[in-house]
Every structure is written in C-alpha cells, then in structure tokens.
There are 2 protein chains.
Amino acid sequence: ILNVEKIEKYYGYKGNVTKAIDNISFKVDKGEFVGIMGPSGSGKTTLLNCISTIDTITTGHININNKDITVLKRKALENFRRDELGFIFQDFNLLDTLTAYENIALALTIQNRGTREIDRLIKSVAKKLEISELLNNYPFQLSGGQKQRVASARALVTEPSLILADEPTGALDSKSARLLLDTFEKLNKEFQSTILMVTHDAFTASYAHRILFIKDGRIFNELIRGED
Amino acid sequence: ILNVEKIEKYYGYKGNVTKAIDNISFKVDKGEFVGIMGPSGSGKTTLLNCISTIDTITTGHININNKDITVLKRKALENFRRDELGFIFQDFNLLDTLTAYENIALALTIQNRGTREIDRLIKSVAKKLEISELLNNYPFQLSGGQKQRVASARALVTEPSLILADEPTGALDSKSARLLLDTFEKLNKEFQSTILMVTHDAFTASYAHRILFIKDGRIFNELIRGED
Ligand SMILES: Nc1ncnc2c1ncn2[C@@H]1O[C@H](COP(=O)(O)OP(=O)(O)OP(=O)(O)O)[C@@H](O)[C@H]1O
Ligand SMILES: Nc1ncnc2c1ncn2[C@@H]1O[C@H](COP(=O)(O)OP(=O)(O)OP(=O)(O)O)[C@@H](O)[C@H]1O
Ligand SMILES: [Mg+2]
Ligand SMILES: [Mg+2]
C-alpha cells in the first residue's frame with residue numbers, strides 16, 4: 001500500500017538549510033501496523049507530513065496504492081486525503097470554534113454522508129474512546145488528554161484505509177492510551193487498516209508489528225516482532 | 001512554601017457545571033520535588049493553573065510563602081508570577097512571532113535584566129537542554145519535542161523558587177527527558193527550588209520525592225519515596 005523511495009526534505013533557503021529527511025526508503029504492506037521511533041528533531045513528524053501530502057518532499061517518490069502522490073493533481077490529492085487517510089496530528093489541530101462533536105463530524109461532512117449516519121458513527125467512536133460526555137465541549141473546555149482523544153476520533157470515524165498517527169498517546173494516561181491502541185488494533189484486524197504510528201513510549205510501541213528507528217533524518221535500524 | 005486548603009474549582013454556569021477540583025488540601029515544603037499523577041481529565045492542569053494564579057478557585061485558600069494568593073492585589077500577583085514562579089505549560093504556549101531566543105528572553109526582560117546578562121543566562125540554559133543551535137528558529141520551525149524544551153528553558157532561565165511543570169516530558173524521547181529532569185534535579189538540589197510536576201510517565205515520576213494521585217478532582221493516594 002505504501003512505497004517510499006529515496007525521499008529527502010530540506011527546510012530553509014540557500015544559506016541556511018536544514019536537512020530534515022536524508023534519503024529514506026521503505027515499504028509498508030496493506031494491514032501492517034508499523035511504529036516509528038527516534039530522538040526529538042530526528043524527522044518523524046516531517047516524514048508523516050510528507051506521506052500524508054500535508055508537506056512536499058524535495059526529491060524522491062512516495063507511492064500509495066501504486067499512485068505516485070508527488071505527481072497527483074490537486075483534486076486527486078484532496079480525494080485521497082478525504083477518502084483514504086486518517087491523520088492524528090502531534091498538536092491535535094482541533095478547530096477552537098467548533099464543539100468536539102462538530103470537530104469529529106467535519107471528517108464525515110466532507111464525505112457527504114447523511115446526518116443520521118454521521119450521528120451514529122460519532123456516537124460509536126466516542127463510546128470506544130470514552131469521550132461521550134464531552135461532545136458538547138469546545139476545545140478550551142477539554143483537558144490535554146481529552147483533546148487528543150477527540151482528535152483521534154476525528155481521524156478514525158471515517159474508518160480510513162491508511163492511519164497516520166503522530167504520538168497519539170503523548171498526552172494520555174495508561175488507561176486512555178490502552179483504549180486508543182485497542183481501537184487501532186481492532187481497525188487493523190477487522191478492516192485491514194494500515195497504521196503508521198510515531199511514538200517514543202515503549203508500551204505504545206509494543207502494539208506495532210514492526211518498528212523503524214530514525215535518527216538525523218535516516219532510518220538506522222528496524223525491529224520486527226517475533227512470532228507471537 | 002505552599003499550603004493548599006480545601007480548594008474547589010467549578011467550570012460552567014448554573015445548569016451545566018463541571019466540578020474539576022473537589023476539596024483538595026496538601027502542603028509542600030521548600031525544596032521538595034513533588035509529582036502529580038492521575039487519569040486524563042482528573043484535574044491536574046486545573047490544579048496547576050489555580051496554584052500559579054493563571055486561573056481562580058471557586059472556594060478555599062492557597063498560601064505561597066505565607067501569603068494568601070486568593071486575596072493578593074493584581075500588582076502583587078504580577079510581581080509574584082514574575083519573580084518567584086516558573087511555569088511549563090502542557091501546550092507549550094510559545095509566541096509564534098518570536099524566535100526561540102526571544103521567547104526565552106521574555107521571562108528575563110520583564111525582570112529588567114541587562115542584555116549581556118540575558119544573553120549569558122539563555123546560552124547556559126540552552127546548552128543544558130541541547131537547543132543551542134535552534135535559538136534563531138521560530139516555533140513553526142521546531143519539532144514538538146524542541147518546542148517543549150524551549151518552553152522549559154523559558155521557565156527555568158530565571159531560576160525561580162517555585163517551578164510548576166505540566167507534563168514537561170510528554171513530547172520528549174528518553175534522552176531529552178533525562179536532560180530536562182537532570183536540570184530540574186540540579187535546580188532542586190543546588191538552589192532549593194521547589195518543584196510541582198504533573199506526569200503520567202513512570203520514568204519521569206521516578207525523579208519526584210513524593211507523588212500525589214488525583215482522580216475526579218480529589219487526592220485519593222500518596223506515595224513517598226523510601227530512603228535511598
Ligand atoms: N474551561 C473549561 N470549561 C469546562 N470544563 C473544563 C474546562 N477546562 C477543563 N475542564 C474540565 O475539567 C476537567 C479537568 O481538566 P484538566 O485539564 O485539569 O485535566 P487533566 O488532569 O490535566 O487531564 P490531562 O491528563 O488529559 O491533561 C476535565 O474533565 C475537563 O473537561
Ligand atoms: N518549518 C521548518 N523550518 C525549518 N526547520 C524545520 C521546520 N520544521 C521542522 N524543522 C526541523 O526539522 C527537524 C525535524 O523535525 P520533526 O518535527 O520532523 O522532528 P520529530 O522527529 O517529529 O521530533 P519530536 O519528537 O520532537 O516531535 C528538526 O530539527 C526541526 O528543527
Ligand atoms: Mg514530532
Ligand atoms: Mg492536563
């Protein structure tokens with residue numbers, strides 16, 4: 001489902017350039033659950049932003065479902081993001097003027113679903129992540145961990161085929177983290193969702209089948225879970 | 001140094017009220033390093049916001065250095081926050097229009113320090129937290145963990161007598177977390193700084209001398225580290 005070939009990403013201009021990604025290549029099959037770990041500033045968020053088409057790469061290719069996303073037109077990119085992708089941002093990225101319910105609904109209204117179906121899907125994902133009582137709160141009325149769960153609900157409510165998660169349990173206590181990770185695992189097993197998850201937490205990483213280690217923008221190690 | 005007596009905090013209006021803090025009392029002596037742990041939404045951030053005077057309590061008293069902060073006038077509150085307090089926010093709270101250097105300098109310029117002294121203090125704390133090369137970056141040019149270290153540097157650069165930290169290692173890998181925690185420990189041992197730190201990470205909690213456990217706005221348990 002995902003094939004990353006020799007990608008590089010630079011920030012800045014001629015004199016002052018930072019190389020955030022330095023010649024990274026890897027493949028992910030459909031239904032895989034892959035973790036990404038690495039020190040702060042090593043390029044994990046940059047990698048996810050490039051794969052999700054939120055940011056552009058400087059050189060190389062990224063193929064998703066055999067389509068090269070670096071050459072897709074704007075309209076095709078928007079359709080891909082809307083229908084195939086669920087993204088959980090490191091800083092949550094909730095809209096402050098909408099309630100938790102409306103933030104989650106956003107992902108479904110852009111897919112032109114009916115209001116009754118939207119309501120059913122939101123109530124179901126809210127129950128799984130234990131945020132049902134918080135749906136009428138605005139982001140400023142939520143704690144850090146509650147915001148992270150609302151942001152996760154927005155990404156998962158469309159049951160996307162590819163889930164990109166950037167430290168999804170960073171602000172969560174161990175019980176909330178387990179609820180979210182169990183939801184990931186269910187989507188992975190039942191719907192064959194492919195998951196790419198950045199984390200620096202060992203418990204969270206233990207859910208992945210394979211872990212890529214990144215340092216200074218390069219993959220320097222890989223761990224594959226043994227047969228259970 | 002800190003005496004919290006029967007405090008309560010409610011959010012919302014008559015019909016729709018959330019009790020975030022429900023009758024909490026505890027004392028912290030000068031030079032103590034205290035951890036606060038608890039599930040997501042249990043009231044940890046609300047507690048720190050009330051102690052730091054960023055938010056107000058509904059009932060009860062908070063005494064810092066034998067002064068009741070719930071009755072201090074505006075000017076006295078500002079002086080207390082400027083001279084005694086260092087606060088590391090859960091969402092970093094950096095100003096997007098300033099560089100990392102300027103964000104850190106802000107805490108010192110409001111104390112009317114000279115530019116040479118400001119420069120020396122910033123360079124020294126930046127070196128401890130390994131962000132020296134990032135000082136000319138704006139927040140949007142920093143990774144999640146780098147932002148958290150800049151926010152911590154801003155809180156620590158004034159060597160405050162009371163440090164309040166809200167999940168200061170949430171976005172950090174284990175090496176960066178250790179750097180920050182070692183800096184806390186040094187301030188605690190050498191300057192007798194009192195530290196109150198919210199965390200849900202076991203390694204981070206292991207630095208504290210005492211841990212208060214909070215659930216639904218109440219302290220329900222306390223652990224005191226045995227003699228080493
Ligand atoms: N402005 C507000 N209006 C209404 N309710 C609020 C407001 N701010 C916080 N709350 C509620 O108060 C409770 C405590 O929030 P708080 O942010 O203190 O939790 P926390 O322990 O820090 O959680 P986390 O670990 O997720 O950061 C939560 O249930 C939250 O929904
Ligand atoms: N807009 C930008 N301009 C310049 N440099 C940037 C920009 N965004 C990120 N960087 C740099 O690129 C590098 C990689 O950043 P990235 O956010 O991918 O790190 P990360 O691995 O996600 O780290 P963390 O664990 O701290 O979140 C960092 O050194 C950062 O300073
Ligand atoms: Mg990141
Ligand atoms: Mg909090």
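Letters A, B, ... are given to chains in the order of the sequence lines, protein chains preceding strands, and every chain is numbered from 1. Atoms considered below: every heavy atom in the structure, side chains included; atoms not considered: hydrogens, waters and symmetry mates.
Here the closest heavy-atom approach between residue A/Ser40 and residue B/Arg149 is recorded as OG-NH2, 2.8 Å.
Chain B forms more heavy-atom pairs under 4.5 Å with one residue of A/Gly38, A/Gly43, A/Ser176, A/Pro39 than with any other, namely A/Pro39. Put simply, of A/Ala177, A/Ala202, A/Gly12, A/Ala171, the one with the most heavy-atom pairs under 4.5 Å next to chain B is A/Ala171.
The number of heavy-atom neighbours closer than 6.0 Å to CG of B/Asp216, taken from other residues, nucleotides and ligands shown, is 12 or below. Within 6.0 Å of NZ on A/Lys215 lie no more than 12 heavy atoms contributed by other residues, nucleotides or ligands. The environment of A/Arg178 atom CZ is sparse: at most 12 non-hydrogen atoms of other residues, nucleotides or ligands sit within 6.0 angstrom. Around atom CG of A/Asp119, more than 12 heavy atoms belonging to other residues, nucleotides or ligands sit under 6.0 Å away. Counting heavy atoms of neighbouring residues, nucleotides and ligands inside a 6.0 Å radius, atom NE2 of A/His209 exceeds 12 of them.
To the nearest 0.5 Å, atom CD of residue A/Gln90 and atom NZ of residue B/Lys147 are 7.5 Å apart. Annotation: the span from A/Asp173 atom CG to B/Lys44 atom NZ amounts to 6.5 Å, rounded to 0.5 Å. Going from atom NE2 of B/His200 over to atom CG of A/Asp201 covers 7.5 Å, rounded to the nearest 0.5 Å.
Proximity to chain B is absent for every atom of A/Thr45, based on heavy atoms less than 4.5 angstrom apart. Residue A/Thr199: no heavy atom, backbone or side chain, is found under 4.5 Å from chain B.
Heavy-atom proximity under 4.5 angstrom to chain B picks out A/Ser143, A/Gly144, A/Gly145, A/Gln146 from residues 128-146 of chain A.
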